[in-house]
Each structure stands twice: as structure tokens, then as C-alpha cells.
Amino acid sequence: MRRKIIAGNWKMNKTTSETVTLINQLKPLVATEEADVVFCVPTISLTTAVEAAKGSNIQIGAENMHFEENGAYTGEIAPGMLDDIGVRYVIIGHSERREYFAESDVTVNKKVLKAFEHGITPIVCCGESLTQREQGVTIDFIRQQIKIAFLNVTPDQAKAAVIAYEPIWAIGTGKVATSAQAQEVCKAIRECIAEIYDTDTAAAIRIQYGGSVTADSAAELFAQPDIDGGLVGGASLKPDFGKIVNYK
Ligand code: 13P
């Protein structure tokens with residue numbers, strides 16, 4: 001049985017002092033033994049967030065990282081820097097990074113490989129645009145994203161990875177995918193992993209749904225057989241996140 005993983009993606013929200021306040025506010029609300037709980041926060045607040053979350057069930061993740069060990073990459077953050085301060089997860093290839101910061105499937109793959117080298121679990125994002133959905137190419141597009149993201153990733157690494165299916169048309173729009181739409185794609189992702197690796201790997205990898213998840217929609221989405229939790233944007237910044245974590 002796969003353990004659920006429910007992660008918040010804070011995006012570019014909250015100052016460092018607000019981060020401490022929000023973590024302290026959410027700590028009792030997200031306390032559960034039944035799921036992994038991850039807060040992915042802005043880089044500048046990572047050290048403080050790791051400190052603030054100590055002694056709780058909250059693990060801290062980054063929202064991005066570079067794929068090189070170090071070097072002349074002004075403004076970037078190296079995987080070893082995350083590892084050094086106790087960051088255990090990193091979101092890779094969020095659609096906002098692909099759209100606004102020119103991330104490609106190839107850079108996503110390099111980052112995934114690098115995260116594993118440092119023992120950091122990548123949350124690998126994929127998802128189609130509204131146009132692609134209307135053109136009927138959703139599954140083809142996502143299979144391509146997954147196949148490239150997992151190039152040269154070993155089966156053992158893939159088993160430990162997290163994939164977040166986030167349809168772009170559902171992000172920040174209040175238009176949540178139906179549970180049937182989300183399940184259909186998450187199942188296809190699992191089948192794709194089975195093709196690349198084997199059924200054991202496919203059965204182990206955790207696949208989240210993301211896109212306008214709220215306390216009202218979480219229970220039905222997370223009850224789908226191939227949905228192992230969520231990657232939550234807006235609602236992760238509010239006490240509602242506690243209800244999403246304790247969705248049952
Ligand atoms: P919303 O939950 O705000 O739609 O954001 C989803 C998302 O992009 C999480 O990574």
C-alpha cells in the first residue's frame with residue numbers, strides 16, 4: 001500500500017517571518033501519522049523553515065534547484081546546498097518554471113538525476129495545457145514528459161520518486177479536474193512507469209494530483225486508486241491545508 005503524500009507549494013508567497021508564523025499555525029492542524037506532509041517554501045526561507053518544522057511531522061522541500069554541483073550560475077541554488085540544510089524534497093519542472101523560466105524536459109531530467117545523487121526526493125511535475133486537452137493529446141504529451149524526465153533514472157530511484165500531475169488549466173483557476181479526469185491521467189502515468197521499468201516500480205511510485213485542490217475536493221480526488229495525494233498551491237497557505245491533509 002502506498003503511503004499518501006500531501007505537499008504544499010507556497011510558490012512566491014510569505015516572507016521568512018511569515019513562514020515561521022504559518023508553520024507554527026499549521027503544525028497542529030497537519031499532525032498525522034497517516035501521510036507524509038511536505039511544505040515547499042521559497043529558497044530564502046528554507047533554513048528557517050527546517051528549524052521551525054523540527055519536532056513535527058512536516059518535512060521541508062524546495063521549489064526548484066540547479067542541476068550542476070556548483071559554479072558560475074548567478075542566482076541559482078545547488079543541490080548540495082539544499083542537502084546541507086536538511087531539505088529532503090524538491091519540486092522539479094513545475095509548469096510555472098517551464099513557462100516563465102524556460103525549463104525543458106531535458107533540464108527536468110538533469111535535475112531529477114542530480115536530486116537523487118544528493119538523496120533528495122524529486123516531485124516531478126507534468127501536465128497538459130487546455131489546448132492540448134482539447135486537441136486530445138493529453139496522454140501522449142504527458143507520456144513524453146515522463147519518459148524524458150526519467151531517462152537514466154534507476155528503478156530503485158524511480159520507486160522513491162514522486163510525480164505530480166498538474167493540468168495547467170486547473171492551476172490557480174479554481175477549475176479542479178474531475179476525479180475521473182485526474183484518475184485517468186494518473187493511471188496512464190503509472191502504466192507509463194510500468195512500461196519504462198516494471199510493475200513493481202509502477203506500484204511503488206507515488207503520483208499526486210495538483211490544481212485547485214481544496215478541502216472540499218481533496219477526499220474524492222485522493223480516494224482514486226492511482227492518486228496518492230496532492231500538490232497544493234493556494235490552499236496550502238491557509239488553515240484549510242489541515243483539512244486537506246486530514247481529508248478522510
Ligand atoms: P493551486 O492549488 O493554487 O491551483 O496550485 C497548484 C499548483 O501549482 C501546485 O504546485
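Note: hydrogens, waters and symmetry copies are ignored here, and every other heavy atom, side chains too, is used. Only a predicted model underlies this, so the values are computations on that prediction, with no experimental measurement involved. Counting begins at 1 with the first residue of the sequence.
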(request) Taking the side chain as every heavy atom from C-beta outward, state whether Arg143 and Ile146 have any atom pair closer than 4.5 Å. (result) no
(message) Do Glu96 and Ile171 have side chains that approach each other closer than 4.5 Å (heavy atoms only, starting at C-beta)?
(response) yes
(message) When you compare the side chain of Ile92 with that of Met65, does any pair of heavy atoms fall below 4.5 Å?
(response) yes
(request) State which residues pass side-chain hydrogen bond (donor to acceptor under 3.5 Å, both in side chains) with Glu103; sequence neighbours excluded, sorted by chain then number. (result) Arg97, Lys111
(message) Salt bridge check, Arg88 against Asp83: does any charged N sit closer than 4.0 Å to a carboxylate O?
(response) yes
(request) Indicate yes or no: at least one non-hydrogen side-chain atom of Ser212 is less than 4.5 angstrom from one of Thr173. (result) yes
Without placing hydrogens or testing angles, list every side-chain donor-acceptor pair under 3.5 Å for residues 241-248, not counting sequence neighbours.
from   : atom 1 : to     : atom 2 : distance (Å)
Asn246 : ND2    : Leu29  : O      : 2.9
Asn246 : ND2    : Gly242 : O      : 3.0
Lys248 : NZ     : Glu34  : OE1    : 3.2

(request) Identify whether Val153 and Val162 are in the same connected component of the hydrophobic contact network (ILVMFWY, side-chain heavy atoms under 4.5 Å). (result) no
(request) For Tyr73, check ring-ring contact (aromatic ring centres under 6.0 Å, His included) against everything at least two apart and list the hits. (result) His66
(request) Could you please spell out the steps behind the side-chain contact (heavy atoms from CB on, under 4.5 Å) verdict for Val90 and Ile123? (result) CA-CA 6 Å; Val90 59; Ile123 300 177; over 6 Å; no
(message) How close do Cys186 and Ile207 get, counting heavy atoms only, and between which atoms?
(response) O-CD1, 3.5 Å
(request) Output yes when a side-chain donor or acceptor of Gln132 lies under 3.5 Å from a complementary backbone atom of Val137, and no otherwise. (result) no
(message) Quick check: is Ile189 connected to Tyr197 through a chain of hydrophobic side chains (ILVMFWY, heavy atoms under 4.5 Å apart)?
(response) yes
(message) Could you measure the distance from the CZ atom of Arg2 to the CG atom of Asp226? Nearest 0.5 Å is fine.
(response) 6.0 Å
(request) Taking Arg190 for its side chain and Ile205 for its backbone only, find out whether a donor-acceptor pair lies under 3.5 Å. (result) yes
(message) Between Ser217 and Val213 (side chain of the first, backbone of the second, donor and acceptor by atom type, cut-off under 3.5 Å), is there such a pair?
(response) no
(message) Is there a side-chain hydrogen bond (donor to acceptor under 3.5 Å, both in side chains) between Glu69 and His118? Walk through the geometry before answering.
(response) CA-CA 10 Å; Glu69 286 296 328; His118 285 269; 3.0 Å; yes
(message) Assigning hydrophobic clusters by single linkage (Ile, Leu, Val, Met, Phe, Trp, Tyr; side-chain heavy-atom cutoff under 4.5 Å), is Ile196 placed with Ile142?
(response) yes
(message) Show the nearest heavy-atom pair for residues Arg206 and Asp228, with the distance to one decimal.
(response) CA-OD2, 3.3 Å
(message) Is there a side-chain contact between Lys187 and Pro225 in this structure, where contact means two heavy atoms from C-beta onward sitting under 4.5 Å apart?
(response) no
(request) Give a yes or no on whether Phe116 and Leu82 share a hydrophobic cluster (residues Ile, Leu, Val, Met, Phe, Trp, Tyr; joining criterion: side-chain heavy atoms under 4.5 Å apart). (result) yes
(message) What I'd like to find out is whether the side chain of Thr32 reaches to under 4.5 Å of the side chain of Val37, using heavy atoms alone.
(response) yes
(message) Tell me whether Ser45 contacts the main-chain N or O of Thr48 through its side chain, where contact means a donor paired with an acceptor under 3.5 Å.
(response) no
(message) Under the criterion side-chain contact (heavy atoms from CB on, under 4.5 Å), I'd like the reasoning laid out for Asn152 against Leu113: C-alpha separation, chi angles, the key distance, then a yes or no.
(response) CA-CA 8 Å; Asn152 300 317; Leu113 292 167; 4.2 Å; yes
(message) Under 4.0 Å between a side-chain nitrogen and a carboxylate oxygen: does that hold for Arg3 and Asp36?
(response) yes
(message) Counting C-beta onward and ignoring hydrogens, is there a side-chain heavy-atom pair between Thr201 and Asp198 closer than 4.5 Å?
(response) yes
(request) Please check if the side chain of Gln224 supplies one atom and the backbone of Glu220 the other of a donor-acceptor pair under 3.5 Å. (result) yes
(message) Could you tell me if the side chain of Thr19 sits less than 4.5 Å from the side chain of Phe39, heavy atoms only?
(response) no
(request) Group every Ile, Leu, Val, Met, Phe, Trp and Tyr by side-chain heavy-atom contacts under 4.5 Å, then state whether Met81 and Val112 land in the same group. (result) yes
(request) State the OG-CG distance between Ser104 and Asn109, to the nearest 0.5 angstrom. (result) 9.0 Å
(message) With a 3.5 Å distance limit and no angle check, can you tell me whether Arg133 reaches the backbone of Thr138 through a side-chain donor-acceptor pair?
(response) no
(request) Only counting residues at least two apart or in another chain, list the ones meeting side-chain hydrogen bond (donor to acceptor under 3.5 Å, both in side chains) with Gln25. (result) none
(message) Restricting to ring-ring contact (aromatic ring centres under 6.0 Å, His included), what partner residues turn up for Trp169, sequence neighbours left out?
(response) none
(request) Return the set of residues passing side chain to side chain contact (heavy atoms under 4.5 Å, CB included) with Val50 (not counting sequence neighbours), or none when no residue passes. (result) Ile60, Val87
